[in-house]
Structure formats: structure tokens, C-alpha cells
Asks: 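Submitted below is the structure of interest, expressed as C-alpha cells.
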2 protein chains.
Amino acid sequence: MSGPTSSTANAGTVSRVNQTAILDVLRRHGPLSRQEIGARTGLSAATVNRLAGQLLRKGLVVTDGHQPSTGGRPSILLRYSGRAHLVSVVHVGATRTEGALVDFDGTIVHRVRPPMVPGVLHAADRATIRLEEALSVVTELGAAAAERGQPSQAVGVAVPGVVDGAEGRVTWAPALDWREVPVGSVLHDRTGLPVVVENDANLLAVGEHRRGAGQGVQDLVAVVLGTGIGVGIVTGGRLHRGSRAAAGEIGYMLMERSSLTRFFPGFGDLESRVGSAGLTRQARERGIVAPADRPLTAADVFDLVRNGSAEARALLEETLDHVALAVANLCTVLDPELVIVGGEMGGAADLITPGLRDRLVGRIPHVPRMAASALGDDAAIVGAAELAARLVSDFAYVQATP
Amino acid sequence: MSGPTSSTANAGTVSRVNQTAILDVLRRHGPLSRQEIGARTGLSAATVNRLAGQLLRKGLVVTDGHQPSTGGRPSILLRYSGRAHLVSVVHVGATRTEGALVDFDGTIVHRVRPPMVPGVLHAADRATIRLEEALSVVTELGAAAAERGQPSQAVGVAVPGVVDGAEGRVTWAPALDWREVPVGSVLHDRTGLPVVVENDANLLAVGEHRRGAGQGVQDLVAVVLGTGIGVGIVTGGRLHRGSRAAAGEIGYMLMERSSLTRFFPGFGDLESRVGSAGLTRQARERGIVAPADRPLTAADVFDLVRNGSAEARALLEETLDHVALAVANLCTVLDPELVIVGGEMGGAADLITPGLRDRLVGRIPHVPRMAASALGDDAAIVGAAELAARLVSDFAYVQATP
DNA sequence: GAGTACAGTATCAGCCTGATAGAAAACTCC
DNA sequence: GGAGTTTTCTATCAGGCTGATACTGTACTC
């Protein structure tokens, strides 16, 4: 923080800001004529025309037919289009790694799924395996993009763990056994592209915020129910990361007074009660067995509930109690407009969100809207693509200082 | 949201942004020469000189002697100074109303304390009394400012309740019996000045962030322990208000699983367990009596603890347990760098913060720094002054989008 | 087919920044 | 004490951007 802070502006900044304003209004309000853009942004016709020309040349805006004339010359409609630009995204997960080429519209145009390595979950060198896998996926994506004649412009990495965003370093990702892994700089050195690395719950929130169930919402919380539990937080339209990028790690939330006298080495209080790992453990303890001859999964428990199993129902209710407490506390702290339920258990949102709502009504002053993830398994990928795209668009906006 | 979004920029915006950059660097790094300002901001010497001239003329920057020469012409040091500009602030509380003239440096230069109205706490028309009181305080402050030859430039109002910030309307402030009271527009009509109305816990956080224990910190939480409990949240250097301005109303936090089967009409779960009201109620239930012949206060309980009362100590420990749970959950959700303890009970921070720390170590992954409020009773007033000052400075800054 | 209404384009003044050159102020050396 | 040196501050001007104005282009209507 000793160098120039570079929070200054010049004529070029003005241009970038206004281009961003035009892109924003096009993304939000569909195809518009130059006139309408001017009316909505407050920019003069000349400025809109010139900037729109630049954006057309860059390929970020395309013409989209004419508007029927209202007596005079019909206007040409302009539409935002990210199809001409691609970014590479890799989602490194505990069970598998997945890659995708995503355009600036958030559309996945190509996928890479490396074969699953048997036994990797408990392999001693799984950290190295996962890292190598991620590198080769990014290389493959880069080649696929080049083949299309649209070279990848940035890389996004989704990781289930704590990430130092500025450095692109994964501080701690237990599911991958990654500790202080500098994925960002490794990938930057390998590809020469700008790289963004981010926690996958945060990215799910970003993805849903920009392209999913949370579009247009300024304050939302995405609850990711998977092996563990985590949340991504968007406040004021921006991702909230916290001082050490550990915001939303609510697996460590304390659930009752007695939690203050217990110790939680390596795992959290809430995490041990909910999440598919906790769920299946408790299910086994209660004698619930999988229908087929294989380890019980969370999906099995949900199926049992749907089929009327009383034990499974009781277990679900107990889990929901804990999730509801966590969500209630999230809501009192953050006052979000929307709570999105996603992750591995997001598919069971029909069983989860009504249960949450019922528990919260009457207990907290205002129960926010609740929705299931609209992007499903791809939410984190889409979120990572969004951040990566922003990285290269390099636009800016001006904000008052309230 | 149908009008022009006005997120565009022009040459004037550039100037304002750069002026803000200069003020920022002056506030942060003390008196600087024009040269140093240029080096730190990246602005050219000519620009720094011209903008500094404008700021000198406005009185926001003053000269502050010379720097010893290093061989050539010695440079003139410039310093930020808010002394030439005043704002009026009124803190409307349950027990009393307090007014102050505050300069842009955050220094309180004049106070107005209207006489306490006996019995107002339970008067049927206390809403009207409090509003009239606030209006007359603001009028008096305006007169006092005019008398000094520095007319008040804006009004800040601190209220213990939920505030619709854009409208300056108090949605719900039980302590004042205010419901949908449009303080903002009333005061604007009365004074002709811009007005900002904000929740007092939020303002305490802002005050401590800009002028108190949280200077230089980007993510902090201020826990206000008073009649009830609330928190103010600063994320990324900005106040987080939530979608309905109810963020931080953690009095409604649910403390255990059984809370999900109880109802909380008009008060919250946590609130009923902590806060001076809950504390004294529980003290009475346990047979703790005030030393003198008057109603027991929270301060009395703290005194008893300091004097070695076992009952009072046990009660404090129980209260601390609940506060610690709330703070633990705040920390897992937000990952703040600093937790500030303030409010009526802030004076007993010596009893509170160590207790909190002990309870959290080992239970959550990272216990943030904790500090007592540095501004004490004036924190909310200073925070309101800060927001009011920003309102008229009307500066802006440019931000990248990610 | 002329007139009209609206969309898009060119031109220019005004503002701001940054570069360059020049004036001002203090120190040093003779 | 005065000239030279060093550094700071200021004036002037080119370049970029916006916004206003005037102009051209296109399709509909009478």
C-alpha cells in the first residue's frame, strides 16, 4: 500500500465508466436503440453513438434488427453479446474436477471432464493430483478455445476452500488437501492470462446473482449445502469476502450455549450437524440403510423422506432445525433480500425451503424470499466465468462515498 | 429505478474523483507537500497544484508550515482541515436527546442538551415530544453555527431504530414509539439542508471506523450493548445496511434449537437474554438488589461483579455466554478484522472483551481483534456527522467492478 | 411524390489532465 | 554578499472526452 493508490481518474476513465454504463443498461434492459440508451444513461446522443461504435468494434455489442418505425427512421437495436469472448473455468472439487469454456454471456460452450481417478479422495498425494488435473484442464480449454478462433481471455478457478484473492493463493482447502497452494500464479505463468481464484460458495453466489435466481437483487445469501455447509454473500451487489476471505464459513457457527465449552478441532459445530457427511453419519447411527448395497448418500435420505420413511423424516427435520437456525442468524445479521439454496443438496430444495420458511416465520422480524439455485451444478462455474470476464473487461464505475 | 441511472461520468466527475483522492491521501498520511501528494496519487504536479488550490479556497485544506529544505526551495505542507465546515447532529435516544455541532474533522465544537422531560419514557405522546425536541435542537444548532459565522451545512440524525435511508424515514423505533416518522423530510423542509437519518448502531460503527478504534480497518463489526443489543457492520469500508435497513438487528438472533418452537412477539430471543433490560430483570429474579434505594441498573451489576459478588458474576457469565455466541456467529458470517464493543455497557469493556475472547478461542477458526469503543457516548454523533459531511462534500471515487 | 418525424453523424466549444517550460524561493559556495 | 544550484510552484499548451448544435439519412404519411 505504499505505491500510488491509483484511485484517480482521467479522460480515459470517463470513457470506460460510460462504456460500462452502456453495457450495464443493455444487459439489464435487453436490446435498446441508441436513443433509449441515451435516455436511460443520461449520456448525449453523440457520446452514445461513439461509445456504441467502439463496443460494436470490440464485439461486446451487436446489432439486433430494427425497431418498427414510429413515423420516422426506424432505430437500430443494440444488444449486449458476450458470445465473441471466452474465458476458461475450472472447478476443482473433492470428488471430481470439471472444466468449461464460458462466453461473456455466461453460456457454457464447451466442457472438459477429466476421468475420475479411483481412490483419489483418500490418496496421500491427492493435492498434487488435483493440481495437475486443474492445470491440464486449463491447457485443454485453452486449446479448444484457440481452435474455435476465440482464444480464451482469462482463467477462473473455483475451489472449495479459503482463498487469498489478491494473490490467487489457496490458503486452506481441506477437501483437496491444499495448503498455501499458489494456483493463481502457477496458472498465470502457464497461460499468460489473468487468473481469478475464488471460493466456490462465493462463486455460486456470484453466479446466481448475475445469471441465476438472484438477478437484479442487491443483497443476497447463497447457502451451499454439500459435504459441509457454507454461504456466499453478496452485499450491495458486490461479493463480500471478509478480512481474511473466510466470510461465510458458517460450518463453524456455534449452535447452542454448550458449544462454548466444547472444542472443534478441524471441523465446525454446525458442520458436524448438517451437510451430507453429517447427515449420512447420523442416518447410519439411527439404523437407516441405503436401499441398494452401497454407502448411504444424502440423496438416499431425501428419497426415503419422499417415500414416507419416518426415521428419515425425523432426521431431515432435525437437520432443517439446524439449517434454519443458521439461516435465521444470517438474516438477522445481513438482512438479505433473497436466500438461495444450492449445492449438492440443492436438488432437494423442494424439501428444504418450505421447511426453512415455516421455521422462521414468527421468529425473526422478516423472512426473506427463498429460492432454489437456478444454475444448479454449474453455478460456481458461471460465477467464476463472470469474475474472470470482469477481470479482462477491466471496466470501472463511479460511486458516491456515502 | 426508471429514470436515468446517472452512473455516468464527465470531466467534472474526474475533477471530483481526483479531489477526493487528494483529500484521502491527506487524511491518511498527515501533512504532505504538493510533490508528495503527486507521488502518492499519481497525479501530475500541475493537476495537484490546481486541485489543491481549489481545496484551499474551499477551506478543506490548509497550509501547515514548511518542510525543511533539502537544498532547494522548501515545500509548503498541506493538511486536511474540516474546521471551517460544520454540520448539525442530533442523537434521539430513549432517555434523552442530545445535539452537537461537529466540524468536518469530527470534533464536537458545541453541544445542546435539552432538559430531560420527567416521565417521558412512558408518556403516551412521547413520540411527539421526541420529535419536537429533535426539531428544536436542530434549530438551536443552526443558530449557534450561524453565530460562529460558519453556517451548518447538513444535518445528521441518529435514531435507535430501523431507518429507510433514502427517504430519511424512521420505519420503526420502539424506544421512541416512532412508526413511519419522516424525520428526514421534516428536517429538510425546516432547514433547507441535506439530511441523513441513520440507525445509531450503524452510526457508532461509522464513527469508530472513521474516527475511533477502527481507523484504517476495512471490515469491522460494532456491537452495541445497551437497553437491547444491535450491531453496526462496515464491510469493505462501507456501511452495510441490508435490503430493508435491518442488518445488524441481532436482538432477533435465535440462540438454540428450542427457539424455533417459541414465539417472539415484539422482541427478539437474544435481546431478552442480554441487554441492560434483560440483565436487570434477571438480576431481580435472582434476588440481586441495588446498593442504594433505587431501581437496579446494568452499571450496578458490573459494580457488584467488580466488588466480588458471586451472584452478579454468575449472571455476567451467563450474559457473556449469549453475547459470545452472537459474536461467534457474526464472525463466522462476516469475518471482520475487528470487533468493537460499545453502547451503554461499553464502559464495562474491561469485563466484557476478555470474557468474549476466552469463550471464542478454540471454537471458531479465527478470533478477530477486539476493542472497546474509543469514542464512547459520542460515537454515534461522530458517525452521523461523518455521513452528513460526506453528503455535502459530494465527492466520488472510481471503483473497478469485480 | 413532397412533407414530416425521427435516427444517426459531423463539427466545435468547454472542461480536465499531463507535459513542458518558466518563475520563485531557499540553500551553498566562493 | 552575490552568483549558481536545487527544488518547488505556476503558467501555457496539446490531447482526449463530453455535450450542444447543426446536418444528413431513412421510412412513413398524406
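Note that the structure is a prediction, hence the values are computed from the model and not measured. Within every chain, numbering begins at 1; the chains are lettered A, B, ... in the order of the sequence lines, protein sequences first and strands thereafter.
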Asks: Are the side chains of A:Tyr80 and A:Leu55 in touch, meaning some heavy atoms are under 4.5 Å apart?
Replies: no
Asks: Between A:Ala46 and B:Ile76, which is nearer to the 5' end of DNA chain D once each is assigned its nearest nucleotide?
Replies: B:Ile76
Asks: Roughly how many Å is it from CD in B:Gln54 to P in D:dT10, rounded to a whole number?
Replies: 13 Å
Asks: Roughly how many Å is it from CD1 in B:Ile37 to P in D:dT8, rounded to a whole number?
Replies: 13 Å
Asks: Atom CD of A:Gln19 to atom P of D:dG16: distance rounded to whole Å?
Replies: 16 Å
Asks: Would you say B:Asn49 reaches D:dT10's phosphate, i.e. side-chain N/O to OP1/OP2 under 4.0 Å?
Replies: yes
Asks: With a 4.5 Å limit on heavy-atom distance, are the side chains of B:Arg390 and B:Arg210 in contact?
Replies: yes
Asks: When you check the phosphate oxygens OP1 and OP2 of D:dT8, does a side-chain N or O of B:Ser75 lie under 4.0 Å from one of them?
Replies: no
Asks: Should A:Gln35 be listed as having a side-chain N or O under 4.0 Å from OP1 or OP2 of C:dG8?
Replies: yes
Asks: How many Å lie between CG on B:Leu32 and C1' on D:dC9, as a whole number?
Replies: 16 Å
Asks: Would you kindly compare A:Ala45 and A:Asn10 by the position of their nearest DNA chain C nucleotide and give the one closer to the 5′ end?
Replies: A:Ala45
Asks: Would you check if A:Leu86 and A:Pro151 make a side-chain contact, meaning some heavy-atom pair closer than 4.5 Å?
Replies: no
Asks: Could you tell me how far apart B:Arg34 (CZ) and D:dT8 (C1') are, to the nearest whole angstrom?
Replies: 9 Å
Asks: Less than 4.5 Å apart, any side-chain heavy atom of B:Thr63 and any of B:Leu78?
Replies: yes
Asks: Using a cut-off of strictly less than 4.0 Å, decide whether B:Asn18 has a side-chain nitrogen or oxygen near OP1 or OP2 of C:dT17.
Replies: yes
Asks: Can you check the B:Glu36 CD to D:dC9 C1' distance for me, whole Å?
Replies: 15 Å
Asks: Compare all side-chain heavy atoms of B:Val206 with those of B:Glu198 and state whether any distance is below 4.5 angstrom.
Replies: no
Asks: Look at A:Arg50 and D:dT18 and indicate whether a side-chain polar atom (N or O) is within less than 4.0 Å of OP1 or OP2.
Replies: yes
Asks: Would you check if B:Ser75 and B:Glu36 make a side-chain contact, meaning some heavy-atom pair closer than 4.5 Å?
Replies: no
Asks: Would you check if B:Leu387 and B:Leu203 make a side-chain contact, meaning some heavy-atom pair closer than 4.5 Å?
Replies: yes
Asks: Considering just the side-chain nitrogens and oxygens of B:Ser44, establish if one lies under 4.0 Å of OP1 or OP2 belonging to C:dA19.
Replies: no
Asks: CG of B:Leu51 versus C1' of D:dA11: gap in Å, rounded?
Replies: 16 Å
Asks: Roughly how many Å is it from CD1 in B:Ile22 to P in C:dG18, rounded to a whole number?
Replies: 10 Å
Asks: Encode nucleotides 21-30 of chain C as B, S and - characters from 5' to 3', where the letter depends on protein heavy atoms closer than 4.0 Å: B to the base, S only to sugar-phosphate, - to neither.
Replies: ---BBSS---
